[in-house]
Protein chains: 2
Amino acid sequence: MKVTIYDVAKQAGVSISTVSRVINNTGRISEKTRKKVLEVMKELHYQPSIVASALTGKRTRTIGLIIPDVANPFFSEIARKVEDRGRELGFNVLMCNTDNNPDTEEMYLSLLQQKSVDGIIIGTTTKNYTVLNQLLQENFPLALIAQDIPELAINVVRVDDFLGGYQAVSHLVSLGHEKIAIMLGNLSRTSDKYRLQAYRQVMEENGLRYEEKWIVYTDYSLTDGKRAALELLQSSPKPTAVFACFDSLAIGVYQAAKELGLNIPNDLSIVGFDNTILSTIVDPPLTTVAQPIDEMGRQVVDLLIDEIEGKNSTKQRIILPPELIIRQSTKSL
Amino acid sequence: MKVTIYDVAKQAGVSISTVSRVINNTGRISEKTRKKVLEVMKELHYQPSIVASALTGKRTRTIGLIIPDVANPFFSEIARKVEDRGRELGFNVLMCNTDNNPDTEEMYLSLLQQKSVDGIIIGTTTKNYTVLNQLLQENFPLALIAQDIPELAINVVRVDDFLGGYQAVSHLVSLGHEKIAIMLGNLSRTSDKYRLQAYRQVMEENGLRYEEKWIVYTDYSLTDGKRAALELLQSSPKPTAVFACFDSLAIGVYQAAKELGLNIPNDLSIVGFDNTILSTIVDPPLTTVAQPIDEMGRQVVDLLIDEIEGKNSTKQRIILPPELIIRQSTKSL
DNA sequence: ATGAAAGCGCTAACAC
DNA sequence: GTGTTAGCGCTTTCAT
């Protein structure tokens with residue numbers, strides 16, 4: 001049978017409230033009884049039930065993490081940082097993958113509440129505004145990572161996507177490229193929207209005409225990227241450079257280029273986004289815009305936990321600077 | 001204020017047990033009251049507290065997943081499958097990364113119990129036999145994935161590492177290679193041990209002499225692999241082929257080879273292990289031994305949950321066949 | 001400094 | 001078919 005606070009109390013010859021006090025380090029207890037209780041706890045291998053204590057109103061010390069897919073390197077790296085920082089602060093993370101499916105997401109949002117998590121970090125492209133609004137209204141601790149919903153007053157930690165896009169496209173322009181394409185996901189993802197805005201702005205600032213068909217919408221996976229790139233690279237006029245809004249898409253472009261016998265960077269320059277592990281192992285190494293994943297992970301957790309612990313009730317947007325990492329996939333014309 | 005079963009009961013004009021019955025679909029209730037209760041539940045946005053129900057002895061419907069690092073593609077893919085299958089069966093997963101640190105692992109093992117998870121899946125190289133034994137003795141649901149502890153009667157789902165190693169090295173031998181090196185992690189990881197045994201056996205079966213220095217122990221990361229490979233490839237006699245026990249190590253070898261001006265597969269053949277996403281995006285694509293990750297993920301979860309639900313109390317080892325995926329990193333001499 | 005007791009939200013006998 | 005009630009293991013007043 002599981003050993004409970006009663007067992008400890010009985011064995012130590014004190015009441016359960018005394019035991020509770022030494023567990024939580026509250027109230028005053030004589031050094032002597034504290035020592036005795038501690039001793040018995042150890043002896044009995046007593047482990048306080050977090051479930052029971054949660055029922056009395058205390059925290060579960062668990063946070064939910066809703067992301068599209070942990071198997072995606074960008075999110076797996078985020079998940080890792082979130083868990084690390086959570087652990088440092090005494091919180092566990094319940095991992096939820098939704099593939100950006102709104103139903104799955106809504107299900108999780110509800111489930112996580114039933115499980116009494118103390119807060120939720122969301123990295124998916126939510127469209128569940130009503131649910132979010134409701135949570136916000138209830139003052140339920142919430143934070144967005146690598147995503148934004150400008151219409152909501154909500155905690156956000158993300159990279160400056162506009163700036164990142166600006167750096168990426170400017171880099172290509174500075175190399176003399178004029179025919180530049182952009183590949184991106186869904187515009188409902190704000191990050192993509194900002195990156196596209198940056199693309200348009202850089203092109204216009206430099207007086208470069210761009211075809212609407214150079215703006216390629218696709219899905220997030222490598223295969224999607226490859227398929228779309230295959231089409232793009234066989235169209236005409238053919239771009240000499242591509243800004244892919246995720247590393248995975250960029251690698252899809254690599255594969256398409258290879259299939260078409262195009263050399264990177266000689267025939268085609270490519271800039272990615274995210275700086276995941278993928279970008280370092282492809283050949284040639286991918287020039288990409290780095291998101292400060294470690295910093296982002298740490299900051300969302302801090303933001304969320306501050307709110308959970310009532311230390312900071314004002315919502316904030318933390319927008320971190322990206323960094324263009326120039327490797328060998330880009331070359332001047 | 002949070003709405004409880006009492007609120008629903010009052011509003012519906014029934015007792016809490018009736019409400020409980022409709023929630024859990026137990027006992028008999030008239031269609032009429034059931035409908036009424038359901039209606040009120042919806043109206044009040046009632047969400048049963050899993051915490052409270054767990055306190056009464058029911059499951060938390062949460063399982064713990066202890067792995068070295070989700071940011072490692074192999075484990076992130078496992079994590080994804082585990083979560084998927086868990087969701088299908090109504091379970092959430094609490095993610096724990098330990099970097100194979102025994103202290104972290106022990107901490108988690110204890111914490112997960114405090115949080116009353118229903119079972120734990122372990123993918124780390126545990127040395128905490130005492131803790132495991134204790135859990136086993138308490139009949140706490142446990143399962144190992146991609147790992148084995150032969151000394152324990154415990155649920156295990158893993159690939160046949162010996163066979164995988166056998167396939168990998170045989171493949172190299174069949175291509176005419178005689179000077180074959182192996183790179184692996186720590187022998188305390190059984191998978192490495194079996195793969196090494198296979199290496200030795202294949203070499204001996206084919207009458208091939210191998211240097212002890214061709215057996216390279218290193219850490220799991222790409223950089224570790226690169227460093228070790230750099231040394232290996234500059235030693236003499238130099239191997240013409242390398243069997244790297246993880247894809248990440250294999251890619252370290254790629255990078256070392258590149259730095260030394262060696263062409264793969266012309267100057268050096270490489271076989272990896274795992275068939276993670278990494279193996280498909282490197283150039284040339286990596287020949288590797290595939291672990292059936294999807295199947296493994298599904299099976300551990302099934303095994304664990306069967307035990308949780310008392311459907312199957314006999315421990316089993318499920319050893320799945322690997323599959324050699326021949327790509328372009330190996331070539332006949 | 002310590003104990004008694006109420007209550008957290010729910011389940012599961014047990015009664016009717 | 002439905003209600004009453006005693007816990008589950010803990011925290012937290014309120015006494016003493």
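Chain letters run A, B, ... following the sequence lines, proteins first, then strands; residues in each count from 1. Here the structure is a predicted model, which is why all the values come from computation and not from measurement. Computed from heavy atoms alone, side chains included, the values below leave out hydrogens, waters and symmetry copies.
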Identify all pairs in which a protein N or O lies below 3.5 Å from an N or O of nucleotides 6-8 of chain C, and state each distance.
unit_1	atom_1	unit_2	atom_2	d
C/dC8	O2	A/L55	O	3.4

Taking [atom1] from [X] and [atom2] from [N], how many angstroms apart are they, rounded to a whole number?
{"X": "A/I50", "N": "D/dT11", "atom1": "CD1", "atom2": "P", "value": "10 Å"}
{"X": "A/I5", "N": "D/dT11", "atom1": "CD1", "atom2": "C1'", "value": "8 Å"}
{"X": "A/R59", "N": "D/dT11", "atom1": "CZ", "atom2": "C1'", "value": "14 Å"}
{"X": "B/N24", "N": "D/dT2", "atom1": "CG", "atom2": "P", "value": "16 Å"}

Considering residues at least two apart in sequence or located in another chain, which fulfil the side-chain contact (heavy atoms from CB on, under 4.5 Å) criterion with [X]?
{"X": "A/S53", "answer": "A/K58"}
{"X": "A/D161", "answer": "A/R158, A/V159, A/S191, A/Y194, A/R195, A/F273"}
{"X": "A/Q147", "answer": "A/I122, A/T126, A/L144, A/I149, A/R189"}
{"X": "B/E295", "answer": "B/P292, B/R298, B/Q299, B/L320"}

Please set out all donor-acceptor pairs under 3.5 angstrom arising from side-chain atoms of residues 86-93 of chain B, sequence neighbours excluded.
unit_1	atom_1	unit_2	atom_2	d
B/R87	NE	A/Y108	OH	2.8
B/R87	NH2	A/N97	O	3.1
B/R87	NH2	B/E83	OE1	3.2
B/R87	NH2	B/D84	OD1	3.2
B/E88	OE1	B/R85	NH1	2.5
B/N92	OD1	A/K115	NZ	2.9

Closest nucleotide of DNA chain C for B/R21 versus for B/V51: which of these residues is on the 5' side? B/V51
Under 4.0 Å, counting only non-hydrogen atoms across every strand here, what does A/S20 touch: a base, just sugar-phosphate, or nothing? base
Looking at residues at least two apart in the chain, or sitting in another chain, which of them share a side chain to side chain donor-acceptor pair (under 3.5 Å) with [X]?
{"X": "A/E106", "result": "none"}
{"X": "B/N133", "result": "none"}
{"X": "A/N139", "result": "none"}

Side-chain touch A/D118/A/T62, heavy atoms, less than 4.5 angstrom: no
Is it true that A/E307 and A/K315 make a salt bridge, defined as a side-chain N closer than 4.0 Å to a carboxylate O? yes
For residues 39-51 of chain B, tabulate all N or O donor-acceptor pairs below 3.5 Å that involve a side-chain atom, not counting sequence neighbours.
unit_1	atom_1	unit_2	atom_2	d
B/Q47	NE2	A/S110	OG	2.9
B/S49	OG	B/V51	N	3.3
B/S49	OG	B/A52	N	3.0

Nearest to the A/Y46 side chain among C/dG3, C/dA12, D/dC10, which nucleotide is it? D/dC10
Using heavy atoms and a sub-4.0 Å distance, could you list which residues of residues 106-115 of chain A are near DNA chain C? By number, please. none
Near DNA chain C, counting only heavy atoms under 4.0 Å, which residues of residues 29-36 of chain A show up? A/I29, A/S30, A/T33
What about B/T18: does its side chain form a donor-acceptor pair under 3.5 Å with the base of D/dG3? no
